[in-house]
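Hydrogens, waters and symmetry mates are skipped; everything else that's a heavy atom, side chains included, is used. Below, chain A is the first sequence line, B the second, and so on; all start at residue 1. Quick caveat: nothing in here was measured; it's all calculated off a predicted structure.
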Amino acid sequence: MRIGPVGFRVGSDWRAPIAELERLYADYPVPEGGIPDFNVRLFAARPWRRLLRPAVVLGGDFVLPEAAPLPLAQGLLAAEMAMNLQMALGQRRYLLLHASAVERDGRALLMTGLSGAGKSTLAALLAARGWRLMGDEFALVDPASGLIHAFPRLVSLKNEAIEVVRAAVPGGRFGPLIAGTPKGDIRHLVPQTQSIARMAEPAQPALILFPRFGFEPAQRALRASEVFVRLTQASTNYVALGERGFEAMVRLVREVPARAIDYPNADAALAQVEALWGES
Amino acid sequence: MGLTGSAMGKAMVMQAMIFRAEPAESLRIQALDDFTLIFHRRSGLTHLVTAPAPEILAILQEAPLNRDELLARLGERYDLEDASPAALDARLAELIAVGLVEVQ
Amino acid sequence: MGRVVNDAMPLVRALRDPASTGTLDAAGWTALLAMARAEQLIGTLACRLDGLPMPAAAKRILAEARSSAIEQRRAALWEAEAARRSLVGLDCPIVLLKGTAFAAAGLTAGLGRSIGDLDILVPRERIAEVEAALLAAGWEWVKPDPYDDAYYRKWMHELPPLIHRERDRMIDVHHTILPLTAKPTPDASALFAESAALENGLRVLSPNDMIVHAAAHLFADGELAGGLRNLWDIHCLITEFGSDGLAARAERHQLGDAVARALRQANDLYGTPIPESRRTRDRADRLYRRRLLARDGWGRPTQRVLRFGFFVRSHWLRMPPAMLGRHLWTKWRKGHRPA
Amino acid sequence: MSETPPPDQPDGDAPGTTRRRALMLGAVGASAIVSIRPALAQTQASVVNCEIPVPDAGRAGSYIAADGSVVPAGTPGAFPPASLPFKGQDVKTALSGGQLPGTTYEQNQAYVKYIRRLQSGTSGFTCFASLQMPRG
């Protein structure tokens, strides 16, 4: 399957995770020329663990030695994690930012922050209000043009966010509820049609937000140096890209305004985002 | 280098050394705000620095100097509020540790 | 998915004869790229295939691999420079080994090669000074375990690994090219005597010693993990420098058998030019070949039993049986079970 | 591309500057340089699902002393090894004041000290390091 500009091939010792992927990624194209950028393999830690308490080890071109296996019931999550891992460790074409991205009028809004800051949730809610979802996990910066490329994989919703987004996206296509993961309950949402149909369209970055959930509404402008450090920490391949990465990052922090925003609930956040977007 | 022994001994060693900066073409320097970014082409590493690191590099790029010469040069160009050799030694040691300055 | 790929021959063929990739279909390219990544040869492959016609996706992936190799090379050379600056006051010969040496000396073996840790060789009698200077310059011990530490110091040919606390890069400081417990005893002083100085004062081994070292690493020490890459190094070195005087040099280091096997395998897999007289195979050659090629089209290791056999063999080679027993017993008591 | 790319020069040194700029060399113990380090993978996979064995596999069976150091099995006052590796999420909670599952108060303190002392190259280190990242 192809997500944005990146092709994947997923293999598994079991049929179930593949069947779920096939259903949820049905509308996605195949890798360019049939040659994927990355391979993902879900395999059993020991041959007998295929059947007996089946546990899925995340494999692929790039692996972390300390990733723990997941139960087979969480096979879809394992596949998503392994795909993310290939991007985090192996992506060299684009500067990779651990951020969600949405687009309107050809301009992109990037949101990055600590886990639980709500970047996936906010991106899904903005998409429900007409924005184009470009991705809820990674934003890809093209070092040559400075444009943001989409990586609209399945939106990963956690715990309370699942109900919030289900209410906001009545006709949404969801994956199965995966309970009891290391991050609590997880449910995947298939991005809206326009998000998949237009995934090859890049956008000009226009605003970078660092949201924080659970605080009274507040916002502050960030200095370029602080944005630079925060974004290099949010990038897994900044150093590996060398001078191309430096140029792309400098251009981003110089040209794109950045704000930290605190918000107590989704409605307040959406109001703040729309207001800041109007100014930018 | 093997800098061991007392701080006094260290200061005397620093005093005798000649310092050379990485050449200008090896550095991409971008002043952002109070901080300046330095991309070091030879190592591929990025350093975020504050004053007086860019000023020291600029002077040493003109010609290698020993510490006292460097201190004098800084004093000519800037209004030095704390012309302490020990502080300059500390700044030089940092620049040496990241490889932007080399002992000749 | 087309035919099943169950050994690494597609990778070997592509390296040996780049134009042969002209007949690959999408599945063939996919398998080739996956196994090249797994064998850490994708940068090398990218350099070999540069300029040949190929599908756009493969071209793009290989272009990324090439630029990634350039960044790895930059980081490796900088690491060598950092070590040089930290050790310059000792006035001690520092010989670069393996990938960093190939890159620093501008050899074909260095083209696109992935380079991990920095490996250096210093005279055994200077190793304590080197260790102290590195510790003073920001390197730290990776493993604080006293058993491992004592084991290293007593029996290994290198210091326990050090890592730089700011740059997160490892350095291995060797004083010879095989563990002291292994049967062959290479002539370390000869390694220094024939080494050549680079412009910056760092040194590299003579071409024949580079080949001997690569062969020792491959056949007299390791369990052949990453063997195709090591063998490619040997292929490039022989292609670039020939094999004159190599046999005598190998004998001097008591590594005649390992070098002879390396030559045969390189000739067999990569078509390396070697003298007719050195092509007579022995019965184990086929096993070695199967072990070297144990990789499938998903980049997965294959041949579990054979791999395990070579793993045991690697320990066997490094130490006499009684010591091996003691070593494995200590490791076992500490809960180190084979995976 | 911006219309006027900023020059690759530190500001303020322009030739012809008449008034001399003030400059501080700073305190001896202060720092004027921060180097950008390679960030480890900060995906869900690495941060929350990774594992930290206590102690690491190479020293399995050894005890953990109250100060977090690894000591021979049976050392008085030290704690036996954890039976299962800890999950990233548990460690994250413990690092911010919570308790590792199945531990007593003192045992938890010792284990957390051990984890804080993990070094690169030791198993569990990449997991610990990614937990330390300011964002995840």
message: With heavy-atom distances below 4.5 Å as the criterion, would you say the side chains of B/Thr46 and A/Phe228 are in contact?
response: yes

- request: Please round to the nearest 0.5 Å and tell me the distance separating atom CZ of B/Arg41 and atom CD of A/Glu243.
  value: 4.0 Å

message: Is the shortest side-chain heavy-atom distance between A/Glu226 and B/Asp33 below 4.5 Å?
response: no

A/Phe246 vs B/Leu37 side-chain heavy atoms within contact, under 4.5 Å: yes

query: Atom CD of B/Gln30 and atom CD of A/Glu247: how far apart are they, to the nearest 0.5 Å?
result: 9.0 Å

field: Criterion side-chain contact (heavy atoms from CB on, under 4.5 Å) on A/Arg223 and B/Phe35, from CA distance to verdict
entry: CA-CA 10 Å; A/Arg223 297 194 314 172; B/Phe35 290 90; 3.7 Å; yes

